[in-house]
Amino acid sequence: MKKITAILIGLALIFTFTACGTGGGQTSGIGEGDLFTFSTETFQGEAFTSDNVKDAKLVMINLWEPWCGPCVEEMPDLEKIYEEYKDQGLVILGAFFETGQDEDVASILEEAGITYPILRASSEFAGFNTGYVPTTVFLTGEGKLVSSEPYIGSRSYEEWEQIVKELMEGL
């Protein structure tokens, strides 16, 4: 009995610290050569489109949800990366689909000290649906995919920094 309990606890921890499922399990038709464009609004209600990031060297879109522990836990690290690399052309966009949790989102953003844009994900973002959050994709400022596969699950500061450095060097 103790062995089964230990196994179940171990599995629960693995699922907690990797990625939160959102169902679906599919990615869309945004492929090589396609340009990602979007029109949405920030969490604060301001209009925001792909034109807002057209001058960026690298755009990191981090799809997250307020109920996803690993998503929320990595946000301070993403903020740190944003602050360190924004002058080199990095833009980080956080995007969430969940509705009705504005108070939770506001609390999360304040507690984590997030200054990068947080967007209400419009239907265009559904193209990056993997069935899990966090899911992160990288684009050029023009909207061209930089990495062929999305990054599923949360990462540490060191891991994200290494990914960002490598992708920026490749542009």
List the atom of [X], the atom of [Y], and the distance in Å for their closest heavy-atom pair.
X      : Y      : value
Gln88  : Met168 : O-CE, 3.0 Å
Ala56  : Val91  : CB-CG2, 3.6 Å
Cys68  : Val133 : SG-O, 3.6 Å
Asn62  : Pro134 : ND2-CB, 3.9 Å
Ser39  : Glu124 : N-OE2, 3.5 Å
Thr140 : Val146 : N-CG2, 3.6 Å

Exercise. Does Glu79 reach the main-chain N or O of Thr115 with its side chain, forming a donor-acceptor pair under 3.5 Å?
Worked result: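 Judged by distance alone, yes, a pair lies under 3.5 Å.
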For this session: Ignoring hydrogens and angles, tell me if any N or O in the side chain of Glu65 forms a donor-acceptor pair with the backbone of Glu98 under 3.5 Å.
Result: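 Yes; at least one donor-acceptor contact below 3.5 Å.
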Nearest 0.5 Å, what's the [atom1]-[atom2] distance between [X] and [Y]?
X      : Y      : atom1 : atom2 : result
Phe97  : Ser123 : CZ    : OG    : 8.5 Å
Leu90  : Lys165 : CG    : NZ    : 13.0 Å
Phe48  : Glu41  : CZ    : CD    : 12.5 Å
Ile118 : Phe96  : CD1   : CZ    : 8.0 Å
Leu78  : Thr136 : CG    : OG1   : 7.0 Å
Tyr85  : Lys57  : OH    : NZ    : 11.5 Å

Exercise. What's the verdict on side-chain hydrogen bond (donor to acceptor under 3.5 Å, both in side chains) for Glu74 and Trp64, showing C-alpha distance, side-chain angles and the deciding distance?
Worked result: CA-CA 10 Å; Glu74 77 175 350; Trp64 68 286; over 6 Å; no
When you group the ILVMFWY residues by side-chain heavy-atom contacts below 4.5 Å and let the links chain together, are [Y] and [X] in the same group?
X      : Y      : answer
Ile92  : Leu119 : no
Val72  : Tyr151 : yes
Leu171 : Trp160 : yes
Leu58  : Val137 : no
Leu93  : Val164 : no

Problem set entry | Stepwise side-chain hydrogen bond (donor to acceptor under 3.5 Å, both in side chains) check, Gln162 with Glu158 | CA-CA 6 Å; Gln162 184 64 37; Glu158 293 79 15; over 6 Å; no
Problem set entry | Set of side-chain contact (heavy atoms from CB on, under 4.5 Å) partners for Asp77, sequence neighbours left out | Tyr157
Exercise. Mind checking what makes side-chain contact (heavy atoms from CB on, under 4.5 Å) contact with Glu159, not counting sequence neighbours?
Worked result: Arg155, Ser156
Exercise. Is the distance between the ring centroids of Phe125 and Phe38 less than 6.0 Å?
Worked result: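 Yes, the ring centres sit under 6.0 Å apart.
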Exercise answer: donor-acceptor pairs, residues 100-111 side-chain atoms, under 3.5 Å, sequence neighbours excluded:
{"from": "Asp102", "atom 1": "OD1", "to": "Arg120", "atom 2": "NH1", "distance (Å)": "3.2"}
{"from": "Asp102", "atom 1": "OD1", "to": "Arg120", "atom 2": "NH2", "distance (Å)": "3.4"}
{"from": "Asp102", "atom 1": "OD2", "to": "Arg120", "atom 2": "NH2", "distance (Å)": "3.1"}

Exercise. Should Phe138 and Ile163 count as side-chain neighbours, where that means a heavy-atom distance under 4.5 Å?
Worked result: yes
Exercise. Would you call the rings of Tyr116 and Tyr82 parallel, tilted or perpendicular, where under 30° means parallel and over 60° means perpendicular?
Worked result: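 Because their plane-to-plane angle is over 60°, the rings of Tyr116 and Tyr82 count as perpendicular.
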